[in-house]
Amino acid sequence: MEEKEKSPAQLRREALCLDKKNGYDRLTAEDEQDMTAYCEDYKRFLDAAKTEREAVDEAVRLAKSKGFVPFIRGMSVNPGDKYYRVNRGKALMLAIIGEKSLADGVSIGAAHIDSPRLDLKPEPLYEDAELAFLKTHYYGGIRKYQWVTIPLELHGVIVKKDGSTVKVAIGAAPGDPVFTVDDLLPHLGAKQGQEPLNTAIKGENLNILVGSRPFKDDEGADRVKLAILDLLNQKYGLVEADFISAELEAVPAFRASDVGFDRTLIGAYGQDDRVCAFAALAALLDLDKPVHTAVCMLADKEEIGSEGVSGMKGAAFDTFMSDLCDGQRVALKACYEHSFCLSADVCAAFDPAFADVYDKRNAARVNYGMGFCKYTGARGKSGASDASAEVVGFVRRTLDQAGVIWQMSELGAVDAGGGGTVAVYMAERDIDTLDAGVPVLSMHAPFETTGKLDCYMTYKGMKAVYQAH
Ligand code: MN
Ligand code: MN
């Protein structure tokens, strides 16, 4: 059939106006097939990686299967070499050495693998009214009312007095028990219901129910607590003091699932930012020998400000990069000033139920592809690295050439709130950086939702950035 001739106005519109289209109206059959397979791998990763430590373990397992080896200071650094380095079990750096010298800069994909959760306090176990509980201190920005009356798993490590480490993952295996934080019944919740959403559930009340059976043949106090300690002692050889040197994280006991009749969405815990972490990792693992060295950084502690030895403000990334540079007798600063970083982190997807906190014209939409975020921050871009026009232009060209579906995004309407990512810490290192990632609905909730198309396009975008030259 012959195409109808377009009117002059129509032709001008096509030539001049920004054309925003749903990704499904632009998706090729080939991309659709790859997208489905990619999202199955992604869901498997989510279920295996419920904490930053587990994300490191799973990423290392995948990297090893693609020929990556631990990078030890002093090793040779030649094109095609595939290296990784684990930072204290909680952050991971990987690199494929490119054909060009490190003096020409590297292409970095940086994401974070920590997610909001309930951490156990150092002295968590207590009994009240013959029920045993664990006290928590939440990690990252949570809406506390979302964390009650959902099933929770307990993951982490306990370092015993003798220095040995016990790994814990209770609730993850089929048949495992789960835990929960209780809430008030509506019948007695009238007063609580009048409190503001942010204070109705108090942080100090996020206590996890862990048992109810008293220790047998005992007349003393806290018999339920004693019985729980007895159980933990039999199973893990623990005593109460061992909680002091433990990192135990209560995370939602949800499996990653398809959402919707049409299965176009993924619902899971911890997609901020494991959705971008997996994209940055998978894209790196799928690379052949790149022109520039490709580096994947999976950081910890982003949700609490990127602080500490395993956060992006820490020196481990510089040490890794400097050790690589030493292998080619290149100055680290010379490498950094020619490098580019895509700070792969999620953005807020426009939610029609809460339209007033977004600027609809600039908000990311589900299924519109990878969302670039030129700036994050709050109150006049404070705390943002605010990428330059040149940097946005570079990424725009790179992704267009690779056939990636992408969109622009903003964290929300002006003065509606704000936030940050690791971008600013990369930019502070003299590395040009742009934030980009997957739009998320219900970000930081126990069950976050993403669009499969956006997940896959972020992988594809990440790959294009690694291959850019
Ligand atoms: Mn994030
Ligand atoms: Mn976050």
Side-chain angles (χ1 to χ4, degrees), residues 42 45-46 49-52 55-56 59 90-92 108-119 138-144 146-147 249 251-252 266-281 296-308 310-313 317 341-349 351 357-358 363-364 366 370-378 383-385 387 409-412 416-427 433-451 454-455 458-459 461-462:
Y42 168 49
F45 177 78
L46 283 174
K50 293 227 164 171
T51 65
E52 62 281 13
V56 167
K90 304 209 267 186
L92 175 67
I108 305 163
H112 67 93
I113 48 178
D114 60 318
S115 294
R117 61 189 188 241
L118 304 179
D119 283 345
Y138 62 93
Y139 173 98
I142 64 164
R143 312 204 71 192
K144 298 176 199 89
Q146 296 175 337
W147 290 73
E249 308 175 6
V251 297
I266 293 175
Y269 162 68
Q271 297 204 72
D272 173 10
D273 182 36
R274 290 179 203 129
V275 66
C276 298
F278 185 71
L281 173 72
C296 174
M297 169 75 217
L298 303 181
D300 180 29
K301 295 282 180 276
E302 192 279 340
E303 295 295 358
I304 57 167
S306 295
E307 313 285 348
S310 53
M312 203 62 243
K313 286 185 193 169
F317 178 74
C341 174
L342 196 117
S343 162
D345 206 342
V346 297
C347 54
D351 188 335
V357 295
Y358 302 90
V366 170
M370 184 182 199
F372 298 0
C373 205
K374 184 180 183 299
Y375 48 84
T376 57
S385 57
S409 76
E410 235 190 356
L411 194 50
T421 66
V422 301
V424 63
Y425 310 113
M426 285 301 193
T433 303
L434 176 67
D435 271 307
V438 177
V440 177
L441 291 166
S442 318
M443 193 195 293
H444 283 206
F447 195 72
E448 303 173 307
T449 303
T450 57
D454 306 323
C455 296
T458 298
Y459 156 81
M462 214 47 260

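Note that ligands are numbered from 1 as they come in the structure, with each ligand's atoms numbered from 1 the same way. Values below: every heavy atom of this structure, side chains too, minus hydrogens, waters and symmetry copies.
- Evaluated for a side chain to side chain donor-acceptor pair (under 3.5 Å) with Thr421, the options Thr376, Asp435, Thr433, Asp345 yield exactly one hit, Asp435.
- Residue contact annotation: Glu302 places no N/O/S atom under 2.8 Å from the Mn ion (ligand 2).
- You'll find the side chain of His112 stays beyond 4.5 Å of the side chain of Leu298, heavy atoms only.
- Ion pairing between a basic and an acidic side chain is recognised when a charged N comes within 4.0 Å of a carboxylate O; Lys301 and Glu307 show no such pairing.
- Sorting the N, O or S atoms of Glu303 by how far they are from the Mn ion (ligand 2) puts OE2 first.
- Put simply, Asp272 gets within reach of the Mn ion (ligand 2), with an N, O or S atom under 2.8 Å from it.
- At a threshold of 4.0 Å, the pair Arg117-Glu52 counts as salt-bridged, since one of the basic side-chain nitrogens sits closer than that to a carboxylate oxygen.
- With hydrogens and angles ignored, the 3.5 Å screen pairs no side-chain donor or acceptor of Glu302 with any backbone N or O of Ser115.
- With a cut-off of 2.8 Å, the Mn ion (ligand 2) has an N, O or S atom of His444 in range.
- The Mn ion (ligand 1) has no N, O or S atom of Cys276 under 2.8 Å away, backbone or side chain.
- Look at Asp345 and the Mn ion (ligand 1): an N/O/S atom of the residue is under 2.8 Å from the metal.
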